[in-house]
Visitor: 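Shown below is the structure under consideration.
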Amino acid sequence: MRRLAATSLLAVAGCNAHQSALAPFGEEADDTLTLTIVLAIGALILASGVAVLAWRAARSPKGAISHEGGMKLVLWLGAVGPAVILTVLLLFALPAMRPMSAAPGDLRIRVEGEQFWWRVRYDPAGEAPLTAANEIRVPVGRTVVFDLTATDVIHSFWIPGLAGKMDMIPGRTNRLVVRARKAGIYRGVCTEFCGLSHALMAFDVIAMEPAAFDAWLADARRASDGNEADAGGAAAFAAHGCGACHAIRGTAHDARIGPDLSRFGERRTLGAGILQPTIENTAAFIRDPHRFKPGARMPAYKSMAPADAEAIARYLKGLP
Ligand code: CUA
């Protein structure tokens, strides 16, 4: 029944299951959807009942209900009924409002909101952290603790299919505990106005089977050689000073100002969820980021020779 209701709600909303609270893949979003469906059906039943009563009242002759009868109706439908309904709803909703609990050994992922991208750091218990950006991978069935904060202004972290929203506030760490229920690729967004490119700051969430996630993490941790096979691209990256802001694991570039570019080749998007990461788009973004992302902190490199921008883009695309 719930699946049918969710599917019809999806059809009504014309939503994409990739980013929708109506197509949940996590336990908290499941509870929220159940609550939404119960509320919607309950509201429909109540509204129909009131409509039927109003229709009957309009058709009955004047004085059909005595004053005493009218007072009773008001008492039952106006006071007792709502009190019972609200109490039942409260009892039903309270368990869903309880945050999921986390254990010390759970995987922690720190996500920092930046203008306008996401700094990601995986912190598995007992292992060294791993930095990434603009893409978050989570293991299915395991509890994941998101530690959420921001660097400059307030952002809000929302993966509609996984859980509710959580603010990201500079100087404070908010915690969101989640558990993905099925593998797939989903989308998260910023839901707090944070500047010119607020609407241009999204990210992919890749829910993976636990073994695949562990293998990915181990593989990502291995220092890449920074795609040294592409010596020309590596030289252009260094010569234009890209390493002053960006880091690539396994190379001398380890700055933390801009997004970490390690394993750029496997990213599904460019510019935090806004562009296809093709060589053409990457080169265009390097030369003029503000064309795609107004207000971004990255300086424009309009004077860079297109061939150099393309060499850097090809080098990044080749990062293992
Ligand atoms: Cu970040 Cu809106």
Side-chain angles (χ1 to χ4, degrees), residues 13 15-16 18-26 28-29 32 99 108-123 131-138 144-178 180 185-207 245-247 255-262 264 267-277 281-282 284-286 288-300:
C15 279
N16 179 353
H18 189 51
Q19 179 192 318
S20 173
L22 300 177
F25 70 99
E28 192 183 319
T32 310
R108 301 185 86 96
I109 304 178
R110 184 180 174 81
V111 187
E112 271 174 70
E114 303 270 351
Q115 276 178 320
F116 300 92
W117 56 280
W118 312 85
R119 188 188 294 279
V120 181
R121 196 184 73 192
Y122 297 86
D123 259 325
T131 309
N134 299 332
E135 202 170 88
I136 299 173
R137 289 172 189 254
V138 292
V144 174
V145 182
F146 282 116
D147 291 314
L148 305 171
T149 186
T151 308
D152 33 39
V153 298
I154 298 177
H155 305 262
S156 182
F157 181 85
W158 191 29
I159 306 169
L162 184 61
K165 301 170 182 180
M166 182 64 83
D167 276 352
M168 306 173 106
I169 301 167
R172 185 194 154 90
T173 301
N174 283 340
R175 180 193 254 207
L176 180 68
V177 183
V178 301
I185 297 169
Y186 308 92
R187 194 163 184 268
V189 284
C190 180
T191 61
E192 178 84 37
F193 181 73
C194 54
L196 278 181
S197 283
H198 156 68
L200 300 174
M201 117 176 234
F203 56 98
D204 273 326
V205 184
I206 305 172
C245 292
H246 298 281
R256 276 183 41 87
I257 296 170
D260 190 297
L261 297 175
S262 309
F264 183 89
R267 298 234 181 115
R268 298 175 42 82
T269 66
L270 165 71
I274 58 169
L275 290 169
Q276 293 287 320
N281 284 347
T282 309
F285 193 95
I286 293 169
D288 190 5
H290 309 118
R291 191 178 123 206
F292 306 99
K293 195 160 250 199
R297 296 280 170 83
M298 176 170 164

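Counting convention: from 1, in listed order, for ligands and their atoms alike. Note that this is a predicted model, so its numbers are computed, not measured. For reference, positions follow the sequence shown, starting with 1.
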Visitor: Just the protein N/O/S atoms under 2.8 Å from atom 1 (Cu) of ligand 1, please, no waters.
Guide: His155 ND1, Cys190 SG, Cys194 SG, Met201 SD
Visitor: In chain order, what residues pass the side-chain contact (heavy atoms from CB on, under 4.5 Å) check against Val153, with sequence neighbours excluded?
Guide: Gln115, His155, Cys194
Visitor: Decide yes or no for Ser20 and Pro160: does some side-chain heavy atom of the first lie under 4.5 Å from some side-chain heavy atom of the second?
Guide: no
Visitor: Considering only residues two or more places apart or on different chains, which pairs with a residue in residues 191-206 satisfy salt bridge (charged side-chain N to carboxylate O under 4.0 Å, His left out)?
Guide: Asp204-Arg268
Visitor: Minimum heavy-atom separation for Phe116 and Leu196, please, with both atom names.
Guide: CZ-N, 3.6 Å
Visitor: Checking Ala300 now: which residues fulfil side-chain contact (heavy atoms from CB on, under 4.5 Å) with it, not counting sequence neighbours?
Guide: Asp288, Pro289, His290, Lys302
Visitor: Which residue is it: Arg119, Arg172, Arg108? I am looking for the one with a salt bridge (Lys or Arg N to Asp or Glu O under 4.0 Å) to Asp147.
Guide: Arg108
